[in-house]
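The structure appears below as structure tokens.
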Amino acid sequence: APAAKPLPGYAGWKKADALIVHSSTTIETRRGAFGTSVITPSDQLYVRNNLPTPPESIVADRDAWQLQVEGVRQPRSLSVRELKSLGLETVAMVLQCSGNGRAFFPSKPSGTAWTVGAAGCVVWSGVPVREVVKALGGVADGGLYMTGTGGEVLPAGLDPKSVIVERSVPLSALEDALLAWEMNGEPIPLAHGGPLRLIVPGYTGVNNIKYIKQLAFTPRESEAHIMSHGYRISPPGSKGDPSQPSVQEMSVKSWINSPLPEDGGQAAGLVQIHGVAFGGMDAVKGVEVSTDGGKSWQAARLVGPDLGKYAWRQFVLQARLPKGTHVLASRATDARGRVQPETRGENQSGYNNTSWADHAVTVTVA
Ligand code: MSS
């Protein structure tokens, strides 16, 4: 096997043996490392950066970080210190890269070959965006999108629009959105967007803008390339463009984290088949597990605390596996009765893979 890549400096505090380092800007959680404690520990959480990480100096004086708010009746700049005075809310949320599951597309789309580990369940604390908007007189007329801009210093000599991380979500996402300064009980690490991050619960990773420097209510979607052409669900063989759907709301998905083929030597007899399931915008209602590749299904049990509709649930099915090879699969249903599909939705860039068949695992029992 090729030597494991080292963790990049800004993520050097993470737990190397729980992670797969794809590159200095793409780090995945190992499937066997999710555990059964619901929350993904920060030192095992995946990282995806579209630009080089800003310097540590931006988290030296966190409360002094400034956010410009535009498209409200009284636009102005607010420090994190001031934001902390305006409100407080905590949400547990699945943070998942739009490309999670890309490795299962037979077409091998370009981009990081994530399997299941570009996701985690994270607790965020911050001020509700709606409280900030209220303090600034409300959304100005014509605001239809909430547009967040990342605070990276852009590489010189390039058109800023071609590289800036700036994403728009529909105004309706404002209701549950947070401007967060804390993650899993600590100030948000730089790797995850400290000192201040936009959290849009239920929306794919890219919409959760790190080191946010501007929040604007805009009549149109951002013209940044990452919004207009990147992260679009485009038909195989075509390029992304603004007419195609953007990756936004997540949908119902689950996968098994144990047993896994890499565990090796599963003994015949009783086994606790467990994994995680989430609904995206809605709670998970139930999960079924199959031990025969999807021919038959049994209801799994949801275990552990329910941290709300944006968090994932753990599920377990106790089964007796005889000697031989077994294809284990899980299939979740959300509160609105939508069932995780068997097949992926084909698209050029390998986004939004929720296929239960793709996420099945084959284990050999001795
Ligand atoms: N933000 C910023 N500012 N920058 C960048 O780069 N990225 C994205 C988000 N945000 C970015 C941002 C992505 S793309 C993702 S996933 C996320 O983030 C991740 O997170 P973490 O914390 O894990 O790293 Mo895909 O859809």
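Start at 1 and go down the list; that is how both ligands and their atoms are numbered. Owing to the predicted nature of the structure, the values given are computational and were not obtained by experimental measurement. In what follows, residues are counted from 1 in the order of the sequence shown.
Looking at ligand 1, you'll find an N or O of Lys210 within less than 3.5 Å of one of its N or O atoms. When only interatomic distances are considered, the shortest N/O to N/O separation between Tyr46 and ligand 1 falls below 3.5 Å. Close N/O approach between Cys97 and ligand 1 is not found [any backbone or side-chain N/O within under 3.5 Å]. Residue-to-ligand polar distances keep Asn49 apart from ligand 1: every N/O pair is separated by 3.5 Å or more.
Annotation for Val303: hydrophobic cluster partners, listed by chain and number, are Val316 (ILVMFWY side-chain heavy atoms under 4.5 Å, direct or chained).
The NZ atom of Lys108 sits 11.5 Å away from atom CZ of Arg102, with the distance rounded to the nearest 0.5 Å.
No side-chain donor from either of Glu221 and Ser168 sits under 3.5 Å from a side-chain acceptor of the other. Donor-acceptor pairing under 3.5 Å is lacking for the side chains of Asn353 and Asn100. Checking Thr218 against Thr147 by side-chain atom types alone, a donor-acceptor pair falls below 3.5 Å.
Note on ring orientation: taking the six-membered ring where Trp is involved, the planes of His359 and Trp255 are parallel (angle under 30°, cut-offs 30° and 60°). Using bins of under 30°, 30° to 60° and over 60° for the plane-to-plane angle, the ring pair Tyr231/Tyr351 lands in the parallel bin.
Nearest protein heavy-atom contact of atom 18 (O) of ligand 1 is Arg197 NH2, 3.1 Å. Closest to atom 9 (C) of ligand 1, if we only count protein heavy atoms, is Gly205 O, 3.4 Å. In terms of protein heavy-atom proximity, atom 13 (C) of ligand 1 is closest to Val206 CA, 3.6 Å. Of the protein's non-hydrogen atoms, the one nearest atom 4 (N) of ligand 1 is Glu152 OE2, 2.7 Å.
The backbone N or O of Ile188 lies less than 3.5 Å from a partner atom in the side chain of Arg62, making a donor-acceptor pair. With hydrogens and angles disregarded, no donor-acceptor distance shorter than 3.5 Å links the side chain of Gln68 to the backbone of Lys213.
A heavy-atom separation below 4.0 Å is found between Tyr231 and ligand 1. Contact annotation: Thr204 has no heavy atom less than 4.0 Å from any atom of ligand 1. Not close to ligand 1: Arg167, with no non-hydrogen atom less than 4.0 angstrom away.
A continuous path of Ile, Leu, Val, Met, Phe, Trp and Tyr side chains, each step under 4.5 Å between heavy atoms, connects Ile199 with Tyr46, placing both in one hydrophobic cluster.
If you number the atoms of ligand 1 from 1 as listed, the ones under 4.0 Å from a heavy atom of Gly150 come out as 3 (N). Atoms of ligand 1 lying under 4.0 Å from at least one heavy atom of Ser98, given by number and element, are 25 (Mo), 26 (O). Each of the following atoms of ligand 1 lies closer than 4.0 Å to a heavy atom of Tyr211: 3 (N).
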- Task: Run the numbers on Asp43 and Lys15 for salt bridge (charged side-chain N to carboxylate O under 4.0 Å, His left out), then give the verdict.
- Result: CA-CA 6 Å; Asp43 62 2; Lys15 207 171 155 190; 5.8 Å; no

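Residue contacts with ligand 1, taken as heavy atom pairs separated by less than 4.0 Å, do not involve Gln96 at all. Proximity of Ile212 to ligand 1, defined as any heavy-atom pair under 4.0 Å, is not found for any part of the residue. Here Met183 has no heavy atoms under 4.0 Å from ligand 1, in either its backbone or its side chain.
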